[in-house]
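A short write-up of the structure that comes next.
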Amino acid sequence: MEAADLRVRSLGACRTESPLGALVTRRGTTEHYVDENDRVLFDDTLAMLAARDGEPPSFEPGGPRRQIYFDPAKTRVGIVTCGGLCPGLNDVIRGLVLELTSHYGVRKILGFRHGYQGLVARHGHDVVELTPDGVEYINEQGGTILGTSRGNQDPAEIVDCLDQLGVNILFVIGGDGSMRGAQRIAREIAERDRRIAVVGVPKTIDNDIPFIGHSFGFQTAFGKATESIRAAHTEAKAQPGGIGLVQLMGRHSGFIACYAALATNDADYVLIPEVPVDVDDFLPHLRRRVRDRGHALVVVAEGAGQSYLSPNGTDASGNTRLGDFGVYLRRRILDDFAAAAEEVNLKYIDPSYVIRSVPANPYDSVYCLRLAQAAVHAAMAGRTEMVVGTWRSRFVHVPIPVAVSTRNQVDPSGDLWMSVLEATGQPTTFEPSTVTS
Ligand code: F6P
């Protein structure tokens with residue numbers, strides 16, 4: 001990461017007094033607040049900083065500015081939610097609407113329906129007006145009141161739509177694919193020399209978008225997943241040869257599986273995409289565990305073990321449709337116990353969409369609201385082609401190219417995976433030598 005990578009694009013100088021100016025006037029950098037002209041360091045150890053030549057990379061802090069770019073009375077805003085569902089989408093929508101109206105005095109907010117399709121006339125979706133009254137209580141529901149869809153649309157058609165409706169700010173709530181789409185929209189706007197801000201709020205229950213600490217809805221999702229793990233554990237303990245097998249979402253990143261397993265602290269094995277598993281070596285280990293302890297609990301992330309399966313093409317977002325590892329592993333376990341003539345009672349649970357269609361828990365609701373507030377402050381100050389993120393617990397502005405440049409994954413040499421290994425007692429690899437007797 002270089003200093004220049006983290007510079008956020010701005011539509012121009014901020015010349016309008018912010019209605020929130022009084023909130024920031026007498027504040028300076030503290031542990032809990034970073035002044036708008038200060039920067040949040042990318043590196044947070046002396047060694048990392050000392051290894052740098054030249055200007056250390058740093059993020060622009062989030063939060064209200066003393067002066068803003070848009071005149072609130074003349075500002076029209078659009079909001080769109082894209083990609084798969086995630087707990088907290090309605091909290092973010094409501095947070096945006098309330099911050100824009102109550103604090104900045106913006107009067108016109110439009111909601112585009114069903115993702116980017118809603119910005120392209122030929123899809124025929126209506127545009128809804130969002131008001132504080134209209135968004136009351138929406139945070140108590142899962143899903144998104146705007147609807148969603150996967151896949152990008154032609155940025156030229158989208159900018160035509162923004163032009164026709166006189167939209168000055170577009171908020172995109174979506175995953176990495178949607179943020180790439182947002183980047184193309186921002187570039188099209190720049191080519192046409194328009195003054196329209198595009199600001200993203202990153203969304204992913206897989207927690208795989210970087211520079212966001214953890215993504216909103218993630219805590220709710222893994223919390224919900226613990227119900228399946230508890231059920232599987234109870235079932236497994238109740239019968240001779242009991243095995244609970246739970247498959248959880250997590251295409252390329254096993255965070256949900258790791259956190260849900262740690263939260264319950266009952267799993268004997270956690271299998272994630274980041275740590276390849278040799279099923280032939282895993283099975284004798286599992287059989288030994290069931291023989292020794294009477295039961296076992298296995299948690300897998302859906303993206304694990306894909307080398308055993310064939311992909312099924314791609315979805316509209318361009319994501320590979322994965323093979324079903326949970327079902328594959330279930331079959332392999334049953335066959336293995338049958339071949340060894342050992343009793344097994346396997347209960348397989350895949351809560352699938354149940355974990356992401358629920359309303360946000362209170363922690364995520366707070367987080368969604370704060371992300372929404374930070375997004376509004378950034379957009380009103382004319383920042384564009386950026387997402388709001390958190391870095392070392394502080395709200396920051398992240399240029400979209402940086403936000404989509406890598407994927408957040410469980411580091412097999414990092415402390416999270418170490419905690420999982422400690423909690424489960426599973427070996428680092430399932431080599432035959434790790435079957436102890
Ligand atoms: O958004 C991420 C995710 O929830 C993955 O964990 C899961 O594999 C995928 O979306 C499913 O998405 P879809 O809605 O396309 O079935």
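For this chain, numbers begin at 1 and follow the sequence in order. What you are looking at is a predicted structure, and each value in this text was computed from that prediction instead of being measured.
- Between the E302 side chain and the G250 main chain, a donor and an acceptor come within less than 3.5 Å of each other.
- The ring-ring contact (aromatic ring centres under 6.0 Å, His included) search around H103 returns none, not counting sequence neighbours.
- Residues H114 and L146 form no side-chain contact, since every pair of their non-hydrogen atoms from C-beta on lies 4.5 Å or further apart.
- For the atom pair OG1 of T390 and CZ of R394, the computed distance is 12.0 Å after rounding to the nearest 0.5 Å.
- Counting only N and O atoms by type, the side chains of T220 and D364 include a donor and acceptor under 3.5 Å apart.
- Taking the charged nitrogens against the carboxylate oxygens, R192 and D163 do have a contact shorter than 4.0 Å, which makes a salt bridge.
- The line from CD1 of I173 to CE of M179 is 8.0 Å long, rounded to the nearest 0.5 Å.
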- Task: Show the numbers, then the answer: is there a side-chain contact (heavy atoms from CB on, under 4.5 Å) between V120 and H125?
- Result: CA-CA 8 Å; V120 174; H125 302 307; over 6 Å; no

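- Put simply, the side chain of P64 reaches to within 4.5 Å of the side chain of H377, judged on heavy atoms.
- Looking at E55 and R7, a side-chain N of the basic residue comes within less than 4.0 Å of a carboxylate O on the acidic one, giving a salt bridge.
- In this structure, A257 and L248 approach most closely via the heavy-atom pair CA-CD1, 3.9 Å.
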- List the steps and the verdict of side-chain contact (heavy atoms from CB on, under 4.5 Å) for L245 and V300. CA-CA 8 Å; L245 174 60; V300 302; 4.2 Å; yes

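- The backbone N or O of E2 lies less than 3.5 Å from a partner atom in the side chain of D5, making a donor-acceptor pair.
- Using a 4.5 Å heavy-atom cutoff, the side chains of F171 and I93 are not in contact.
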- Message: Run T29 and D38 through side-chain hydrogen bond (donor to acceptor under 3.5 Å, both in side chains) and show every step you take.
- Response: CA-CA 7 Å; T29 296; D38 203 346; 2.4 Å; yes

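- Side-chain contact check for S58 versus F42: every heavy-atom pair is 4.5 Å or farther apart.
- Using a 4.5 Å cut-off on side-chain heavy atoms (C-beta onward), V387 and V199 make no contact.
- By the salt bridge (charged side-chain N to carboxylate O under 4.0 Å, His left out) test, K224 is found to be paired with E227, residues two or more places apart in sequence or in another chain being considered.
- One finds no salt bridge joining R94 and E136 here, because no Lys/Arg side-chain nitrogen approaches an Asp/Glu carboxylate oxygen to under 4.0 Å.
- In this pair, F430 and F282 present their aromatic rings perpendicular. The plane angle is above 60°, beyond the 30 to 60° band.
- Remark: side-chain polar atoms of R113 are paired, donor with acceptor, to backbone N or O of I145 under 3.5 angstrom.
- Two residues are said to be in side-chain contact when any heavy atoms from C-beta on lie closer than 4.5 Å; Y116 and S149 fail this criterion.
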- Query: Passes side-chain contact (heavy atoms from CB on, under 4.5 Å), D350 versus Y348? Steps please.
  - Reply: CA-CA 7 Å; D350 182 346; Y348 177 53; 3.9 Å; yes

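- A distance of 10.0 Å separates OG1 in T320 from CG in N312, rounded to the nearest 0.5 Å.
- Between L262 and L416 the shortest side-chain heavy-atom distance falls below 4.5 Å.
- With sequence neighbours excluded, no residue satisfies ring-ring contact (aromatic ring centres under 6.0 Å, His included) with Y353.
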Solution key, residues 76-85 side-chain donor-acceptor pairs under 3.5 Å, sequence neighbours excluded:
{"residue": "R76", "atom": "NH1", "partner": "L165", "partner atom": "O", "Å": "2.7"}
{"residue": "T81", "atom": "OG1", "partner": "T144", "partner atom": "OG1", "Å": "3.0"}
{"residue": "T81", "atom": "OG1", "partner": "G147", "partner atom": "O", "Å": "2.8"}

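- Between W391 and F211, the ring planes are tilted. Angles from 30° to 60° get that label.
- In this structure the side chain of N207 never reaches within 4.5 angstrom of the side chain of I256, judged on heavy atoms.
- Side-chain N or O atoms of R15 include none that pairs as donor or acceptor with a backbone N or O of A13 at under 3.5 Å.
- D91 and S365 share a donor-acceptor pair across their side chains, judged by distance under 3.5 Å alone.
- The two atoms that bring I209 and G174 nearest to each other are CD1-O, 4.3 Å, heavy atoms only.
- Residues F70 and L11 approach most closely at CZ-CD1, 3.6 Å, considering heavy atoms.
- Heavy atoms only, all atoms of each residue included: P401 and Q183 are closest at CG-NE2, 3.6 Å.
- Among residues two or more places apart in sequence or in another chain, the ring-ring contact (aromatic ring centres under 6.0 Å, His included) test is passed with F222 by F218, Y259.
- Scored by the ring-ring contact (aromatic ring centres under 6.0 Å, His included) test, Y363 finds H214 as partners (sequence neighbours excluded).
- Side-chain contact of E140 with N90: a donor-acceptor pair under 3.5 Å is absent, judged by distance alone.
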- May I have the step-by-step check of salt bridge (charged side-chain N to carboxylate O under 4.0 Å, His left out) for E157 and R122, ending in yes or no? CA-CA 10 Å; E157 288 184 84; R122 83 192 125 74; 2.8 Å; yes

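- Taking OG1 from T75 and CD1 from I68, the interatomic distance works out to 7.0 Å, rounded to the nearest 0.5 Å.
- With respect to the salt-bridge test (charged N to carboxylate O, under 4.0 angstrom), the residues D315 and R321 do not qualify.
- Heavy atoms from other residues, nucleotides or ligands lying under 6.0 Å from CZ of R52 number more than 12.
- Taking the charged nitrogens against the carboxylate oxygens, E17 and R66 have no contact shorter than 4.0 Å, which rules out a salt bridge.
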- F216 and T204: side-chain contact (heavy atoms from CB on, under 4.5 Å), yes or no, with the steps? CA-CA 7 Å; F216 76 80; T204 151; over 6 Å; no

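- Under 4.0 Å is where a charged nitrogen must lie from a carboxylate oxygen, and between E60 and R383 at least one such pair does.
- Nearest approach of M386 to A378, heavy atoms of both residues: CE-CB, 3.6 Å.
- R332 has a carboxylate O that lies under 4.0 Å from a charged side-chain N of D280, or vice versa, which qualifies the two as a salt bridge.
- Rounding to the nearest 0.5 angstrom, the gap separating the OH atom in Y269 from the CD atom in Q426 is 8.0 Å.
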- Item | side-chain hydrogen bond (donor to acceptor under 3.5 Å, both in side chains) between D206 and S253, worked out | CA-CA 6 Å; D206 292 356; S253 304; over 6 Å; no

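- No hydrogens or angles considered: a donor-acceptor pair under 3.5 Å links the side chains of H123 and Q153.
- Here CD1 of I349 is found 12.5 Å from CD of Q247. Values are rounded to the nearest 0.5 Å.
- Residues D324 and L309 come closest through the heavy atom pair C-CD1, 3.8 Å.
- Counted by atom type alone, Q219 and Y367 present zero donor-acceptor pairs between their side chains at under 3.5 Å.
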